[in-house]
Amino acid sequence: MFKKILISIIVFYFLVLIQTSFLVHFNILGIVPNLVLISVVLWNLFEKSKNYFGLYIALIGGFFLDIFSNRLIGFYILILFALAIFLKLVFKRYVRIPFTEKN
Amino acid sequence: MKLSSKKNKVLIIIVVVILIIFLLNFFQKDIKSFFYSVSAPIQKVLWRAGDRTSDFFGGIVRVKILKQELDELKLENQELTAQVVALEDLKKENKTLRQVLEIGFQKEFKLALAQIISKDISQDFILIDKGSDDGISKNMPVITQQRVLVGKIGEIYKNFSKVMLSSNKESSFDAKIQKEEKDISGVVKGQGNFRILFDFIPREENLSQEDIVITSALGGIFPKGLLVGKIKEIKKSDVDPFQQAEIEPFFDVSQTEALFIIL
């Protein structure tokens with residue numbers, strides 16, 4: 001678990017750096033893809049509903065987005081965390097993706 | 001039983017998270033400053049790589065547009081050359097008149113060079129590599145090499161500062177359009193997402209597209225004569241006492257690497 005968290009910290013740190021320094025050059029109509037948001041959503045969509053690692057990922061991603069944005073620390077953390085919890089609850093109650101439930 | 005323990009776990013996580021967030025905000029400046037100094041070298045490399053890659057691909061995608069632009073620019077160039085010749089004469093005349101009247105030229109600004117490190121994805125803010133240690137303070141104007149206004153210093157850290165672009169929603173300052181007969185004054189307001197509006201222009205004033213908006217010294221933040229952008233679209237209604245105009249900014253953050261701060 002600790003190793004997984006450490007890896008995701010490094011991955012999200014680099015994702016945010018790429019997003020704020022590299023991808024800003026490729027915006028289409030002023031829109032830059034938010035890699036962190038996409039990763040958090042995808043992870044929580046495809047994670048088994050009984051696992052909670054997606055929530056940690058939301059916290060880590062949100063923290064780095066806050067650091068490199070001009071908002072108070074907590075803005076993106078709360079948005080991503082709420083989003084992750086929402087996805088977890090919806091998927092637990094109403095959706096079953098067959099290949100994530102196997103094993 | 002199992003379900004409730006899981007619920008408890010989630011609840012505990014939420015409480016801990018809120019507490020940590022609350023505490024982190026007390027040391028916000030130090031934490032951000034630390035991360036900026038650690039990331040600056042990587043970000044500089046990424047910024048340059050992005051700049052070059054987008055130039056390369058942008059060129060390929062826009063060959064047709066570029067060709068058209070080239071033709072237009074050639075034409076414009078000819079016109080400008082003619083203007084330069086005319087202006088050279090005026091310059092000479094001006095110089096002689098100044099000598100006669102003993103008026104000195106306006107003092108040049110003292111500038112500090114800074115490099116862009118990153119851009120905020122959601123707001124019109126950029127991060128540059130000069131901070132309070134380099135003598136930068138809040139509200140200092142930031143310009144490009146061509147004297148185009150970029151914005152003003154918003155937040156300052158030890159070795160970094162955030163520049164609030166003139167297109168930021170919270171940015172507004174006095175500006176004018178220089179006309180032969182009479183200057184047209186108004187207020188430039190940021191609209192977010194690199195859009196700028198020239199507002200509070202009296203309705204009777206005759207604006208035209210391609211008019212160039214420059215800063216005026218009225219607001220006291222920016223020195224006069226910095227280029228802001230050119231008029232793109234004029235919005236005039238019979239009811240409003242003022243007219244508005246959309247400005248196409250001259251600066252393009254993704255194409256700029258170095259900026260100057262007026263000290």
Side-chain angles (χ1 to χ4, degrees), chain A residues 9-10 12-38 49-82 84-86 88-89 92-93, chain B residues 2 6 9-10 13-14 16-18 20-28 31-36 38-40 42-55 57-58 116-127 154-155 162-164 167-168 192-195 252-255:
Chain A
I9 286 176
I10 296 167
F12 276 102
Y13 174 63
F14 280 101
L15 278 185
V16 174
L17 290 191
I18 290 170
Q19 188 177 307
T20 53
S21 295
F22 186 77
L23 286 182
V24 282
H25 296 276
F26 302 93
N27 64 46
I28 302 159
L29 300 172
I31 298 163
V32 178
N34 192 333
L35 293 182
V36 176
L37 178 75
I38 295 168
S49 54
K50 62 180 180 193
N51 287 350
Y52 284 88
F53 191 67
L55 299 182
Y56 294 119
I57 276 192
L59 293 179
I60 296 163
F63 174 73
F64 283 123
L65 275 184
D66 280 331
I67 289 290
F68 290 94
S69 81
N70 198 46
R71 301 180 196 273
L72 284 177
I73 296 177
F75 181 82
Y76 283 110
I77 297 180
L78 288 182
I79 286 182
L80 290 186
F81 195 61
I85 287 181
F86 172 77
K88 279 260 166 282
L89 289 180
K92 195 172 179 181
R93 290 201 186 153
Chain B
K2 204 182 168 190
K6 261 189 179 174
K9 209 173 156 187
V10 173
I13 292 176
I14 292 174
V16 170
V17 165
I18 291 173
I20 292 173
I21 291 169
F22 188 70
L23 285 173
L24 280 179
N25 274 304
F26 285 107
F27 313 102
Q28 202 199 131
I31 295 170
K32 284 190 175 181
S33 193
F34 166 74
F35 273 99
Y36 294 156
V38 172
S39 325
I42 311 168
Q43 284 187 297
K44 274 182 191 170
V45 174
L46 282 172
W47 186 273
R48 257 179 240 145
D51 197 16
R52 277 175 206 154
T53 326
S54 74
D55 274 354
F57 285 108
I116 307 177
I117 295 175
S118 77
K119 182 187 165 286
D120 192 330
I121 41 158
S122 57
Q123 298 161 297
D124 291 47
F125 262 98
I126 49 174
L127 187 70
E155 242 175 281
K162 281 187 173 166
V163 180
M164 184 201 268
S167 54
N168 186 290
N193 221 347
F194 296 111
R195 286 177 302 125
D252 183 358
V253 171
S254 54
Q255 298 297 320

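Within every chain, numbering begins at 1; the chains are lettered A, B, ... in the order of the sequence lines, protein sequences first and strands thereafter.
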Asker: What residue in L78(A), L72(A), L55(A) has the most heavy-atom pairs under 4.5 Å with chain B?
Answerer: L72(A)
Asker: Got a second to check how far I21(B)'s CD1 is from F81(A)'s CZ, nearest 0.5 Å?
Answerer: 8.5 Å
Asker: What distance do L23(A) atom CG and S54(B) atom OG have between them, rounded to the nearest 0.5 Å?
Answerer: 11.0 Å
Asker: For the residue pair F35(B) and Y13(A), does the interplanar ring angle fall in the parallel (under 30°), tilted (30 to 60°) or perpendicular (over 60°) class?
Answerer: tilted
Asker: Other residues, nucleotides and ligands only: do more than 12 of their heavy atoms fall within 6.0 Å of CZ on F86(A)?
Answerer: no
Asker: Drop me the distance from D124(B)'s CG to N70(A)'s CG, to the nearest 0.5 angstrom.
Answerer: 11.0 Å
Asker: Would you mind checking which part of E155(B) comes under 4.5 Å of any heavy atom in chain A, side chain (CB onward), backbone (N, CA, C, O), both or neither?
Answerer: side chain
Asker: Please report the closest heavy-atom contact between W47(B) and T20(A), naming both atoms and the distance.
Answerer: CZ3-O, 4.0 Å
Asker: With sequence neighbours left out, what residues match K32(B) under side-chain contact (heavy atoms from CB on, under 4.5 Å)?
Answerer: I67(A), I73(A), Q28(B), Y36(B), Y157(B), K162(B)
Asker: I'd like to know which of I77(A), D66(A), L17(A) tops the heavy-atom pair count under 4.5 Å against chain B.
Answerer: L17(A)
Asker: Nearest heavy-atom pair of F68(A) and S39(B): which atoms, and what distance?
Answerer: CZ-OG, 3.4 Å
Asker: For H25(A), run the side-chain contact (heavy atoms from CB on, under 4.5 Å) check against T53(B), D51(B), L46(B) and tell me which one passes.
Answerer: D51(B)
Asker: With a 4.5 angstrom heavy-atom cut-off, which part of I42(B) approaches chain A: side chain, backbone, both or neither?
Answerer: side chain
Asker: Whether the side chain of S21(A) engages the backbone of I117(B) through a donor-acceptor N/O pair (distance < 3.5 Å, no angle test) should be reported.
Answerer: yes
